[in-house]
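What you see is a predicted model, and the numbers here were worked out from it, not measured in a lab. Only heavy atoms go into these numbers, but all of them, side chains included; no hydrogens, no water, no symmetry mates.
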Amino acid sequence: MENHEEEETAAADLLRDRFRLSTISIAQAEAKQNNMEISEPIVACISDLAFKYAEHVAKDLELFAAHGGRKTVNMKDVILCAHRNKHLADLLRFFGNDVKDKEPQSDKKRKKKSRKDDNATSSVLHIPDDT
Amino acid sequence: MSDSFDPDLIHAIFKLNWSKKALERERNEGVDPIIDEAVAGTSKKNRPTSANSNALKLSCELLRLFVTEAVQRAAAIAEAEGSSKIQATHLERILPQLLLDF
């Protein structure tokens, strides 16, 4: 039993290291875009935060899927994770449509949906013009 | 935009979490009422949750946004303080709001 747990923590450590490597490249690219340097410990710290966040998201996704009576997490569950932050949810929805566009499946559904989205955004955009 | 997380890596992290929780559930069945209630209807055999590939890509994007947002906000503070390197104090300043926003 203990052996098994040790194995599990070893696997988790390995994943955390791989995750950290990805975070380093993302964070440094982003810092460069902002004409900033970023010190190593800060990147490591952000990586740990993101990893914790990932664990948090995993838990949320599982609960959302279970609530929907499913055993498989889908895109809507991920968007639901960001429901508190409207801007973030919109970004994810946009990205999700992009991902869907890349694989030509269920064309009809998507077109309907995107048209609806277009209408929604245009009506929102008109309001500031009038005032 | 080219830099992002590997969906396989995120999948592995999620899976580890889910299987860990499934194991816990198995061990103390009926002890945790919240999780039990949420999952009991769907899992007769405690099969761990899985995710479809689009959902994983979207999760990668979510995590990537978390990282870039952290760097951007810290960079804004660093710039305001006239520093060219992001330091721990800058991250500390933006951390509370960042965690509230995600």
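Interface summary for chain A: among V71(B), L63(B), L100(B), L56(B), the most heavy-atom pairs under 4.5 angstrom belong to V71(B). Residue with the most contacts toward chain A among N52(B), N54(B), V67(B), L91(B): N54(B) (heavy-atom pairs, distance under 4.5 Å). The residue among T49(B), L58(B), L16(B) with the most heavy atom pairs within less than 4.5 Å of chain A is L58(B). For the set L88(A), L91(A), N34(A), D98(A), the count of heavy-atom pairs under 4.5 angstrom toward chain B peaks at L88(A). Comparing E37(A), E8(A), R84(A) by how many heavy-atom pairs each has under 4.5 Å with chain B, the most go to E37(A).
Between C81(A) and L92(A), the closest side-chain pair of non-hydrogen atoms is not below 4.5 Å.
Looking at E79(B), the atoms closer than 4.5 Å to chain A (heavy atoms on both sides) sit in the backbone and in the side chain alike. In this structure, no portion of S19(B) lies under 4.5 Å from any heavy atom of chain A. The contact between R18(A) and chain B is made by backbone and side chain atoms together, counting heavy-atom distances below 4.5 Å. The contact between F66(B) and chain A is made entirely by side chain atoms (from C-beta outward), counting heavy-atom distances below 4.5 Å.
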When the side chains of residues 45-57 of chain A are checked against the rest of the protein, which donor-acceptor pairs come out under 3.5 Å, sequence neighbours left out?
unit_1 : atom_1 : unit_2 : atom_2 : d
D48(A) : OD1    : R20(A) : NH2    : 3.1

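N74(A) places a side-chain N or O within 3.5 Å of a backbone atom of D77(A) that can act as its donor or acceptor partner.
Across all their heavy atoms, K85(B) and H90(B) have their closest contact at O-CE1, 3.5 Å.
Inspection of the T68(B) and E30(A) side chains reveals no N or O donor paired with an N or O acceptor under 3.5 Å.
Salt bridge present: R25(B) and E62(A) bring a charged side-chain N and a carboxylate O closer than 4.0 Å.
Separation of atoms CZ (R93(A)) and NZ (K76(A)) is listed at 10.5 Å; rounding is to 0.5 Å.
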